[in-house]
Protein chains: 2
Amino acid sequence: MQLQQVSGYQYIEGGVCAAVGFVANGCHCGLYPNKVKNDLGIIYSSTSCHTAAVYTTNKVQAAPILVTKSHLQKTDGIARAVIANSKYANACTADGEEKAEKMCALAAKELGISKEEVLVASTGVIGQELPIEPIAAHIKDLTAGMSAENHKEAVRAIMTTDTVEKEVAVAFELDGKTCHLGGMAKGSGMIHPNMATTLNFITTDAAVAVPMLQKALRETVKLTYNCLVVDGDTSTNDMVCLLANGTAGNKEISEEGEAYEKLKKALYLVLMNLTRMLAADGEGATKLLECTCAGAPDLDTAIIVAKSVIHSPLVKSAMFGADANCGRVLCAVGYADADFDAKKADVVFSSAKGEIAVCQNGIGLDFSEEKAVEILSEDEIQILVNLHQGEVSAKAWGCDLTYDYVKINADYRS
Amino acid sequence: MQLQQVSGYQYIEGGVCAAVGFVANGCHCGLYPNKVKNDLGIIYSSTSCHTAAVYTTNKVQAAPILVTKSHLQKTDGIARAVIANSKYANACTADGEEKAEKMCALAAKELGISKEEVLVASTGVIGQELPIEPIAAHIKDLTAGMSAENHKEAVRAIMTTDTVEKEVAVAFELDGKTCHLGGMAKGSGMIHPNMATTLNFITTDAAVAVPMLQKALRETVKLTYNCLVVDGDTSTNDMVCLLANGTAGNKEISEEGEAYEKLKKALYLVLMNLTRMLAADGEGATKLLECTCAGAPDLDTAIIVAKSVIHSPLVKSAMFGADANCGRVLCAVGYADADFDAKKADVVFSSAKGEIAVCQNGIGLDFSEEKAVEILSEDEIQILVNLHQGEVSAKAWGCDLTYDYVKINADYRS
């Protein structure tokens, strides 16, 4: 996938360990009984971190969400480690919070920190009890093996139906000091715009006060993860957390201004690219879809329209079939829940193979079906909707709907 | 499909012509160039009808919706005929309203009535111009061939991806007079709860004042078509219209009371069974899913929860795979947009093969996977969610998500 180059920011390796002072690891502790795949991971900072987090809006919140919230409340947003597992969601079970606290305590003991400084996340099957023994049996080796090189081991520990590891990191300058901000994410189904979406752990060595860190995260999630749709389901376990340990030595960002905007741009680049990776690796996906709504009267309208198009199963199915069905795009624009005139919309499809206008002023255009199929057969498709009633634009990301989505989800638990 | 028997109502044959005084017909006029399938249909009453209608909430409204609204406004709710076509939606084209008016005028001329007494509906591809010539060339034969026996010809004229004809009719008594109420519907994709959903034409020989007819239709659509989800898309062309010609000779229903309730019950039975038929014949469906939310504090909460479960692609995929994944049901309950405590929910799956409790008080239960697969392998599945926080219940209907849904929609236009 092509990363968008922006002056002043360099993409670098290292993922969640790109920021100085962070180490990570992952292992197969045995939560997956029948396959050797990492199912337990850890991220650790050598010094205390200011921490911000955004959580699922589902009324059913998994135990690790509740425990992480409680820990950050007790420490006023200070944390040093994240422990995470896959295979079991640790949600909708009788002993969930006890198990989540135990995971934190096990990690804290090895790391010599308090359990409130450990955050916890789980992903997997809902409603089945999480076995704690495999985690207890492997925590010593897991922490002993932590290093800045092992970031991919941690990523693999949170993957479920993901087919590729998702990591992005950037370097940039604040006050003449080089800062790093990077992270990792897991998909790939149960992804919905109205929430934090999936598990995402982001770290930086920039010094940022907790309130500004939380503000930057909230504002950036609105434009990235919250504009991602794979299937329209909203998970019980989703979380984005952002840890800043300040080792870069910049002046701590404690108010809006140039430094805050530079940090936020770094966060946007990391989250936006992770969002695109999540979309491209959506369950069963063969194509990344990016919808840009331009000419909107305001940001919320632009976001709502772009998401409505990306969310439509009929648009998603048509893109799988390389069918330039402009009617389905217009239809999805028309049921977007915002106040605007849908009859002025233009629609253009584009990809690396060129672009084709399929609709102008709400009226379908004649176009070359041959050219349209060529454009829509690429693995990254742009859908541009111009409302012609303002200056604001926003993007949303998703993927096509394929046979394999159904196949993956018809018997996920086994 | 089993029809639910209710004392005082007999299911009868005849569909949209079950009510005395209605005739219908359908033909292949040539809108489908490459296959012989009815694509033009008509319904006609020998006397004037009081008429009620509910339309799509999509901001992009197809030309026939605009023309039908305008005609009913001009006549104060009086109509005598409906003309409908498939293959072209007559939406998002430059000359749509002119074509829709022309369809009405062509029918009106043959029938010797005003064009404002004709309602019009279209279904099919959006954004391509509707050819009027095939309709003009066949209108004489179409109207000449109308009869009470030809109701199935009319149904076939509005079918697109439907695999079965959908008709229901009942007989009941008002003031000692036998009344009939029946109708027809088409699916089967682009079906969403927040609107009238699909094309539906309902007729009755009961005498009902326009305001009470509109009230009965609105209240019943809320509990039936608006609780139906196939894929979450909302079409530009959807319409339910209800014509009452009063030939049964009952005292005209002009206020709430016993007669109104009896009529509304007849309307509910017809719309509810059509809704179930639409769900069972959803694009690619192998199973009808019916979710009942019981124990809700109020009707809106019950409807929202039932719809949220039926709408979840992950629940729909799990049902296709006969996978008793209670976590996905709880997750969908949890993101239902209403104010209630999701942690008290019980979940039970049932079918003709028995029932199995999979969740109690928000906690997953141990259950026999073998028994669960047996129950979920039936072609009609009930999902019961009991919130235990009130006395109100509501249902929603949908279908499983299958490979064939994707296949049908990957290249619909060709």
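First the proteins, then the strands, lettered A, B, ... as listed; each starts at 1. Computed from a predicted model, the values in this text were never measured in an experiment.
Partners of Glu129(A) according to the side-chain contact (heavy atoms from CB on, under 4.5 Å) rule, which considers only residues two or more places apart in sequence or in another chain, are Thr93(A), Asp95(A), Lys99(A). Residues satisfying the salt bridge (charged side-chain N to carboxylate O under 4.0 Å, His left out) criterion with Asp339(B), sequence neighbours excluded, are absent altogether.
Of the residues considered (Leu365(B), Asp366(B), Ile363(B)), Ile363(B) shows the highest number of contacts with chain A, using heavy-atom pairs under 4.5 Å. Between chain B and the residues Ala94(A), Ala89(A), Ala91(A), Ala342(A), the most heavy-atom pairs under 4.5 angstrom are made by Ala94(A).
Here the OG1 atom belonging to Thr236(A) is positioned 11.0 Å from the OH atom belonging to Tyr335(B), to the nearest 0.5 angstrom.
Annotation: side chain of Cys92(A) is in contact with side chain of Leu330(B) (closest heavy-atom distance under 4.5 Å). Contact check for Cys331(B) versus Val60(A): no side-chain heavy atoms found under the 4.5 Å cut-off.
In this structure, no portion of Ala62(B) lies under 4.5 Å from any heavy atom of chain A.
More than 12 heavy atoms of other residues, nucleotides or ligands lie within 6.0 Å of NZ in Lys371(B), so this atom counts as buried by the packing criterion. With a 6.0 Å radius and a threshold of 12 heavy atoms from other residues, nucleotides or ligands, Asp337(B) has its CG atom at or below the threshold.
Ala338(A) approaches Lys59(B) most closely through the heavy-atom pair O-NZ, 3.0 Å.
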